[in-house]
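This report concerns only the one structure given below.
Counting starts at 1 for both ligands and their atoms, following the listed order. In this chain, residues are counted from 1 in sequence order.
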Amino acid sequence: MDRRYFLHFSVLTAGYLFTGCEERGTTDKKKPQKSPEAGSTLEKISIQEEKVFEKVIPFTQKLKIPDEINFSKVDKALFSAQKSKVNLFSDAKTDVLTFQGDLPNPTIRISKGGTFNLDFTNNLTDPTIIHWHGLIVPEEMDGHPKDAISTNQSKHYHYKVEQNAGTYWYHTHPHGRTGEEIYHGLSGLYIIEDKEEDYLNLPKDEFEVPLVIQDRRFDKKRQLLYKNPAFLPDNNGVIGDVILVNATPIPFHEVKTGKYRLRILNGSSVRTYKLAFDTIEQFLLIGTDAGLLEEPVSVESVVLSVAERVDIIVDFKDKQVGDKVILKTLGFKDGNNFGLNPDYPGFDAVMDIMQFHITENFKDTSVLPKKLVSIPRMKESEAVKTRRITMEVISGGIWTLDKKPYDMHRIDQRVKLGSTEIWELKNSIHMAHPFHIHGVRFQVLDRDGKMAFPTDKGWKDTVIVMPNEMVRIIVHFTMPGFFVYHCHILEHEDHSMMANFLVE
Ligand code: C2O
Ligand code: CU
Ligand code: CU
């Protein structure tokens, strides 16, 4: 067994009682210690007993590639949220939730101008709804939590896709249960293509690989463990010790000595990744949440908070057949000083995500264009209004925006259709929040913190707001209707860091 994965598993002191506003002490996770004065350890012990102590041997399972539903080939698709038993591990069936009976859920592929057409049935015992994250579609199609449908009911989704190429995603969005449902499987990728992108000749087919990254917890029977409701740090966000990529635990993927386009989504509950390769120093960032960048940017690592996407090009040309390259997270301590479950690797943990096995020589003659697309910059002078949204914890440890717990029907902001606004996103907590708005795409104007992110240059629908930082974004509102904006840490949006705006 590989010790690396067990370093973080040791019993840590957890003698603090979480009250929401309290910052957790800076326990050094690398030095496991037993504390004689640890407080209420009873609930902690029961959590540890549930934990899986069996090793998940990394890089032994082949990366699963999701099937595709391509709307240039089919007219209609059928989804039903359902309980399923699937082989996440080859040696056991795990109880999960799926849309079509297996995991990973299919990737939707559609061209700009195409029509999306899907019948959705809820076969769960609670109401739910599907949201198309990043899509700018009419309110009835967006999947607002108020539109959740009951058990055995169906909803017909039908809309035209009018926006540019990019890597989007879909997931369920019932109020208070989004975290649990996504955790158990209810999400997938949604790729939009357009002519402009096609023209660029980016790597495609086997050289285009989608990667949905999600950390999870399993028990000894290989069943998923979600949060322990009695254990308050889990309400701050559920972290896990086993990283799934496309629903495959710490997998490997066979590649040739050429360029690959990786479309990466962080579909985790709370964890922010700092992605890097162990033996490839530089790779190219070519796209963000809602489309391509103006030009490729060479980076050594990229920070990806929950719900963000990056489109990257990695080149294996200098590798030999037989070589192996690990995609890992370097850890991102800056993103969190808040109390999360100490039984699992924290934000600072270096973790392996997957491994690429170079298995074939390939003469890659393709050339990546220097210029990708143009991104017209929105001007501050066009903004007719500036709003400030604050991220706060109120008493009882409730995560909120502007100190108001979410109300599905309350209008928190009224926006004029067709207008441009600046939103100042102010985080006053020692934990980063990925802030997301439905029904728009936006640009980042600036952040007052020291950290700069190359992803800030692209079209965004989710932006990381660092601890105590203020990020200013500029948004043009083109779709009328009632939508939500929220923190995309799943346990935060469920509890109750979300609000509504009406565009009219
Ligand atoms: Cu990923 Cu409210 O959305
Ligand atoms: Cu969304
Ligand atoms: Cu949050």
Closest non-hydrogen atom pair between Thr462 and Phe442, with its separation: N-CZ, 3.7 Å
Arg472 bridged to Glu380 by N-O distance under 4.0 Å: yes
N/O/S from His173 sitting under 2.8 Å away from the Cu ion (ligand 2): no
N/O/S from His488 sitting under 2.8 Å away from the Cu ion (ligand 3): no
Nearest to the Cu ion (ligand 3) - the N/O/S atom of His433, by atom name: ND1
Considering only N, O or S atoms of His492, the one closest to the Cu ion (ligand 3): ND1
Arg387 vs Val415 side-chain heavy atoms within contact, under 4.5 Å: yes
Metal-centred angle, atom 1 (Cu) of ligand 1 as apex - ND1 of His133, NE2 of His488, 10° resolution: 100°
Near-ring test His144/His438, centroid separation under 6.0 angstrom: no
Student check: side-chain heavy atoms of Leu202 and Glu208 closer than 4.5 Å: no
Any N, O or S atom of His171 closer than 2.8 Å to atom 1 (Cu) of ligand 1: yes
